[in-house]
Amino acid sequence: MVNSNADALGIIFPNSYDSLVPELVGERLMASIPFASRYRMVDFILSSMVNCGIGNVSIVVRRNYHSLMDHLGSGREWDLTRKNGGLHIFPPYSDKTVKIYNGRVEALASIVGFLRDQKERYVVMSDANIAVNFDFNALIDAHVKSGADITVAYAEEPIPEVALKSSALRQEMYYTLELEGDRVKQLYINPQEPGIQNFCMNIYILDRELLINGIEKAFMRGDVYFERDIIARSLDRLNVRAFKFDGYIARICDMKSYFDENMKLLDENNLNALFSANPVYTKIRDDNPTRYINGSDAQNIMAADGCVIEGKVENSILFRGVRIGKGAKVKNCVLMQDTVVEEGANLEYIVTDKDVTVTAGKELRGTESLPVYVAKYRTV
């Protein structure tokens, strides 16, 4: 693993866009949603930071953070158990200055004292609703070379369909950029234009002192959102640059996109695009390899460790400890950790949360456009 060598600290906002997937965040937050058979969403951004030498990472949580704290622990798997820097998790009410926040301005205002005590020159910030293998060193180099005050990462992609329809997403806010070269001339909030856009990834880098000063002033004005209330208002005063990301992005916008982005990883090209650049670290469970019992049939699946397959599985994502009983049929499904499908059950286009049991002989069917979700701990 790469040692700390970047003159930057990282900040991750794990609750951003929680309202888009209410089914999955009843007892967790966006950052701890399981993804790609053995990972959580936070693993991708956190691993990208660590792989680029960022060894001082803070996570400012808002609610439902116990599952995230259990997953991250002391940060050992990411080499963030350190005397200097390391992993810092700021839950609400952990300090008299920390509270439940609405936007990044309030979140950052609650940790200004911590930021002031750090030594790194730059701050990189990100949400955790995207699975991406991001090169933060390239972002830092581009930021320094351009002499920018703030650099914004973006990708050329269409606005997700749900973003154009969902009132929840309009409440959470998304952003596109109007560029002149690599200079940001305009930041649009919740635009409705179809087609390819300069879609903001909500990844930013700026000088730590500039961030502290900007947050203190914005908080005094009662501002809430970093993009709307600081960046958009400062485009004529600050040198705001854009950094184009051309890599693979899995963006979670709703339950359908969660299902689709998991299923896309059954395509080897997508899998390699997401995982081949740098390793992605996650919590270790120390389980047995997946076992395929005599008579089982598995075609085009992604199965994590600890699974036991006796039935037929096709085009599916299996998380750790999933058990498929004899004679059971599972097709086009995403089954989270420790799901049990008993003998003779038949599942198609189903998303099960953790510790779900589908009893013997039951039949559950969704459709490609509307996969059926089974909540955590349910027995069907």
Side-chain angles (χ1 to χ4, degrees), residues 18 20-41 63-71 252 254-263 266 282-283 285-293 295-299 301-380:
D18 279 358
L20 306 185
V21 282
E23 305 95 333
L24 296 175
V25 297
E27 298 181 21
R28 60 168 74 93
L29 34 61
M30 173 65 79
S32 59
I33 290 176
F35 186 77
S37 85
R38 64 192 300 265
Y39 301 93
R40 304 294 183 103
M41 290 298 296
R63 59 174 65 91
N64 290 348
Y65 54 86
H66 294 98
S67 65
L68 182 67
M69 295 181 72
D70 176 70
H71 176 70
I252 306 304
D254 61 354
M255 178 57 75
K256 179 64 167 60
S257 65
Y258 173 78
F259 176 82
D260 289 344
E261 294 298 342
N262 271 285
M263 299 299 285
L266 295 175
T282 191
K283 181 181 179 180
R285 175 159 153 162
D286 292 327
D287 213 333
N288 296 318
T290 291
R291 290 190 293 154
Y292 300 87
I293 308 302
S296 64
D297 183 2
Q299 301 178 34
I301 71 169
M302 178 188 291
D305 50 308
C307 296
V308 179
I309 300 175
E310 297 182 78
K312 181 176 181 179
V313 187
E314 182 180 354
N315 299 333
S316 294
I317 307 291
L318 308 184
F319 287 76
R320 292 164 169 167
V322 170
R323 301 179 65 91
I324 310 297
K326 187 176 181 179
K329 296 180 180 180
V330 175
K331 184 177 180 180
N332 300 321
C333 293
V334 177
L335 308 183
M336 293 190 201
Q337 185 172 306
D338 295 321
T339 292
V340 177
V341 181
E342 295 184 350
E343 293 186 10
N346 191 346
L347 278 63
E348 188 169 0
Y349 291 110
I350 303 297
V351 178
T352 65
D353 211 312
K354 294 173 61 177
D355 295 294
V356 165
T357 299
V358 180
T359 55
K362 293 296 188 297
E363 183 170 326
L364 297 178
R365 290 185 184 274
T367 64
E368 184 176 3
S369 61
L370 188 63
V372 172
Y373 170 73
V374 183
K376 195 174 181 180
Y377 302 129
R378 292 290 179 88
T379 297
V380 179

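Quantities reported herein were computed from a predicted structural model and do not represent experimental measurements.
- Using a 4.0 Å cut-off between charged side-chain N and carboxylate O, R28 and D353 make a salt bridge.
- Closest of all the heavy-atom pairs between F35 and F319 is N-CE2, 3.5 Å.
- Distance check, rounded to the nearest 0.5 Å: CD of E348 to NZ of K331 gives 5.5 Å.
- In this structure, the side chains of V341 and K362 stay at 4.5 Å or more apart for every pair of heavy atoms.
- Summarising the geometry of N346 relative to R365, their closest heavy-atom pair is ND2-NH2, 3.3 Å, with the distance given to 0.1 Å.
- With hydrogens and angles ignored, the 3.5 Å screen pairs no side-chain donor or acceptor of D70 with any backbone N or O of H66.
- Remark: T290 OG1 to D305 CG distance equals 6.5 Å, nearest 0.5 Å.
- Of all heavy-atom pairs between Y65 and L29, the closest is CA-CD2, 4.0 Å.
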- Message: Set out, in order, the CA-CA distance, both residues' side-chain angles and the distance that settles side chain to side chain contact (heavy atoms under 4.5 Å, CB included) for V374 and V358, then state yes or no.
- Response: CA-CA 10 Å; V374 183; V358 180; 5.9 Å; no
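- Considering all non-hydrogen atoms of both residues, I324 and A328 come closest at CG2-CB, 3.9 Å.
- Summarising the local packing, NZ of K312 is surrounded by 12 or fewer heavy atoms from other residues, nucleotides or ligands at distances under 6.0 Å.
- Judged purely by atom type and a 3.5 angstrom limit, D287 has no side-chain atom pairing as donor or acceptor with the backbone of G321.
- For CZ of R285, the number of neighbouring non-hydrogen atoms (other residues, nucleotides, ligands) closer than 6.0 Å is greater than 12.
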- Query: Under the side chain to side chain contact (heavy atoms under 4.5 Å, CB included) criterion, do N332 and E368 qualify, and how do the steps go?
  - Reply: CA-CA 8 Å; N332 300 321; E368 184 176 3; over 6 Å; no
- Task: Show your working on side chain to side chain contact (heavy atoms under 4.5 Å, CB included) between T352 and V322 and close with a plain yes or no.
- Result: CA-CA 11 Å; T352 65; V322 170; over 6 Å; no
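- Distance alone, capped at 3.5 Å, is enough to place a donor-acceptor pair between the T359 side chain and the V380 backbone.
- A distance-only check finds a donor-acceptor pair linking the side chain of Y373 to the backbone of E23 [under 3.5 Å].
- Across I350, I309, V313, T339, a single residue satisfies side chain to side chain contact (heavy atoms under 4.5 Å, CB included) together with V330, and that is V313.
- Remark: K256 NZ to E261 CD distance equals 9.5 Å, nearest 0.5 Å.
- Residues L335 and L347 have side chains in contact (heavy-atom distance under 4.5 Å, counting atoms from C-beta outward).
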- I would like to know whether L24 and M41 meet side chain to side chain contact (heavy atoms under 4.5 Å, CB included); could you show each step before the answer? CA-CA 12 Å; L24 296 175; M41 290 298 296; over 6 Å; no
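- Between atom OG of residue S316 and atom CE of residue M302 there is a gap of 11.5 Å, rounded to the nearest 0.5 Å.
- For NZ of K329, the number of neighbouring non-hydrogen atoms (other residues, nucleotides, ligands) closer than 6.0 Å is 12 at most.
- Taking the side chain as every heavy atom from C-beta outward, L364 and V372 never approach each other to under 4.5 Å.
- R38 approaches A304 most closely through the heavy-atom pair CB-CB, 4.0 Å.
- Checking D254 against S257 by side-chain atom types alone, a donor-acceptor pair falls below 3.5 Å.
- Side-chain contact check for N315 versus L266: some heavy-atom pair is nearer than 4.5 Å.
- Using a 4.5 Å heavy-atom threshold, the side chains of V308 and R323 count as touching.
- The closest donor-acceptor contact from the side chain of N288 to the backbone of G306 lies at 3.5 Å or more, if one exists at all.
- Summarising the geometry, atom CE belonging to M336 is positioned 12.0 Å from atom OG belonging to S37; distances are rounded to the nearest 0.5 Å.
- Annotation: the span from E314 atom CD to C333 atom SG amounts to 10.5 Å, rounded to 0.5 Å.
- Considering all non-hydrogen atoms of both residues, I33 and V21 come closest at CD1-CG2, 3.7 Å.
- Within 6.0 Å of atom CZ in R320, more than 12 heavy atoms from other residues, nucleotides or ligands are found, so the atom counts as buried in its surroundings.
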